[in-house]
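Reading through the structure tokens given below for one structure.
Keep in mind it's a predicted model, so treat the numbers as computed, not measured.
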Amino acid sequence: QGKRVLVEYVSANPTGPMHIGNARGGVLGDALSAVLDAAGYQVEREFYVNDAGNQVNKYGLSLEARYLQIFQGEDAVEFPEDGYRGPDVIENARSFAEKYGDSYVKASSEERRAALVSYALPLNIQGLHDDLMRYRVEYDNWFKESTLHENGSVDRVVALLKEKGATYEKDGALWFKGGEYGSEDFVVVRSNGVPTYVVPDIAYHYNKLVTRNFDMAIDVLGADHHGYVPRLKAALTALGVDASRLNVVLMQMVRLVRDGEIVKASKRSGKAITLVTLLDEVPVDAARFLFNSYEPNTRIAVSY
């Protein structure tokens, strides 16, 4: 009946290339969107770009270390213990150095990291776009988290929760009264005044369902988000939004098996199997068919 639906899927951190786990979410979201479109909905496909927050800060520290190592040597510059170790970080730092030379070596750490992130993130985002295009997954919108901070949406949603009487202060932090809305209580603003990671997500979904007024929003998320969904829906309810308008498809991650052993791979370790690697060995149609042959909450083990 022409109802407007926003389907958000993949939304990988732009801190490295698309990996094999994103391949499952990509085809699930893409196929679901196609079915909704065929059923008569006005469908928009969206990629949420997490270009702000803790992971981007860690990525900036990783880039900074690799950049300084080029001029000062690897032994002279310690790499962050929880930094991003992928070869793409080294490549971005190297290309930044080729363009700007050592002009940022003596700059403040804050200025240096800001310049590196501003240079590398657009390259990474374009890489995500190109990888997904090869996988035949296209979007109507690429929505940047940073816009929610820049236009005041994050601060406004905190103020609105306060106005609704849905918060309280404890130990210097601001807490959400989750117990009154079907979830557990949780911190929305830390004692240092910095909002927690869930606040921009609340603002983002408020933007979907109120600001842009979609009739329904659908998220395709990894199963590790199962505890996050009740928090999000509780916050939306407190804000006066009908939380049933948000539907979440939880999917299990793809497990990689080599020689009978599960391979622990992550983007941060630099050991993740990329989507491009998969598509170099497996035809696009075969990959898409395989991932859509399983119910989302079923685990898939891929041997290689």
Side-chain angles (χ1 to χ4, degrees), residues 5-39 41 43-50 84-92 122-143 218-225 248-304:
V5 181
L6 184 68
V7 185
E8 180 216 334
Y9 50 104
V10 180
S11 298
N13 286 333
T15 50
M18 198 71 60
H19 61 73
I20 192 172
N22 302 132
R24 185 175 196 180
V27 72
L28 283 171
D30 192 46
L32 178 57
S33 298
V35 171
L36 290 166
D37 187 54
Y41 289 92
V43 181
E44 289 190 32
R45 299 158 170 84
E46 186 155 286
F47 189 112
Y48 182 51
V49 183
N50 298 107
Y84 285 88
R85 299 180 178 276
D88 53 289
V89 178
I90 297 173
E91 180 56 35
N92 281 342
L123 295 176
N124 287 357
I125 293 169
Q126 185 60 49
L128 297 179
H129 180 274
D130 294 345
D131 290 352
L132 287 164
M133 282 286 288
R134 181 176 172 185
Y135 195 44
R136 295 206 310 272
V137 173
E138 299 183 50
Y139 293 89
D140 300 294
N141 313 310
W142 288 71
F143 190 107
I218 299 175
D219 295 354
V220 180
L221 301 173
D224 56 335
H225 287 75
V248 179
V249 178
L250 291 176
M251 63 166 187
Q252 293 290 339
M253 303 308 287
V254 178
R255 293 186 300 172
L256 298 171
V257 179
R258 180 164 52 196
D259 299 327
E261 298 285 332
I262 295 175
V263 179
K264 291 185 178 181
S266 70
K267 186 180 289 187
R268 196 179 301 170
S269 70
K271 297 178 181 178
I273 306 302
T274 66
L275 175 60
V276 168
T277 300
L278 173 71
L279 297 181
D280 281 344
E281 299 187 20
V282 180
V284 173
D285 285 327
R288 289 173 61 100
F289 183 83
L290 170 71
F291 288 123
N292 254 349
S293 297
Y294 292 86
E295 194 272 334
N297 208 31
T298 302
R299 293 193 176 192
I300 302 176
V302 179
S303 298
Y304 79 102

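- Checked against ring pair (Phe, Tyr, Trp, His ring centres under 6.0 Å), Y41 has no partners two or more places apart in sequence or in another chain.
- Here V35 pairs with nothing under the side chain to side chain contact (heavy atoms under 4.5 Å, CB included) rule; sequence neighbours left out.
- In this structure, L128 and N13 approach most closely via the heavy-atom pair CD1-O, 4.5 Å.
- Residues passing the ring pair (Phe, Tyr, Trp, His ring centres under 6.0 Å) test with Y9 are Y139, sequence neighbours excluded.
- Residues that satisfy the side chain to side chain contact (heavy atoms under 4.5 Å, CB included) test with Q126, not counting sequence neighbours, are H129, D130.
- The side chain to side chain donor-acceptor pair (under 3.5 Å) check on D280 picks up R134, with sequence neighbours excluded.
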Show, in sequence, the C-alpha distance, side-chain angles and deciding distance for H19 and T274, and conclude whether the side-chain contact (heavy atoms from CB on, under 4.5 Å) test is met.
CA-CA 4 Å; H19 61 73; T274 66; 5.5 Å; no
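- Side-chain contact between H225 and V248 is absent, with no heavy-atom pair separated by less than 4.5 Å.
- When the salt bridge (charged side-chain N to carboxylate O under 4.0 Å, His left out) test is applied to E91, the partners found at least two apart in sequence or on another chain are R94.
- With sequence neighbours excluded, the residues satisfying side chain to side chain contact (heavy atoms under 4.5 Å, CB included) with T298 are R24, Y294, E295.
- With sequence neighbours left out, the salt bridge (charged side-chain N to carboxylate O under 4.0 Å, His left out) criterion links R299 to no other residue.
- A side chain to side chain contact (heavy atoms under 4.5 Å, CB included) with S33 holds for exactly one of V43, L28, V220; it is V43.
- Not counting sequence neighbours, the partners of A34 by the side chain to side chain contact (heavy atoms under 4.5 Å, CB included) test are R45.
- With sequence neighbours excluded, no residue forms a side chain to side chain donor-acceptor pair (under 3.5 Å) with D140.
- Between T277 and E281, some side-chain heavy-atom pair lies under the 4.5 Å cut-off.
- For D30, the side chain to side chain donor-acceptor pair (under 3.5 Å) partners at least two apart in sequence or on another chain are R288.
- Taking the side chain as every heavy atom from C-beta outward, N124 and N92 approach each other to under 4.5 Å.
- Closest approach of F47 and A12 over heavy atoms only: CZ-N, 3.3 Å.
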side-chain hydrogen bond (donor to acceptor under 3.5 Å, both in side chains), that's the test. Do D131 and N22 meet it? Break it down for me.
CA-CA 11 Å; D131 290 352; N22 302 132; over 6 Å; no
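- Applying the salt bridge (charged side-chain N to carboxylate O under 4.0 Å, His left out) test to D285 and every residue at least two apart in sequence or in another chain returns R136.
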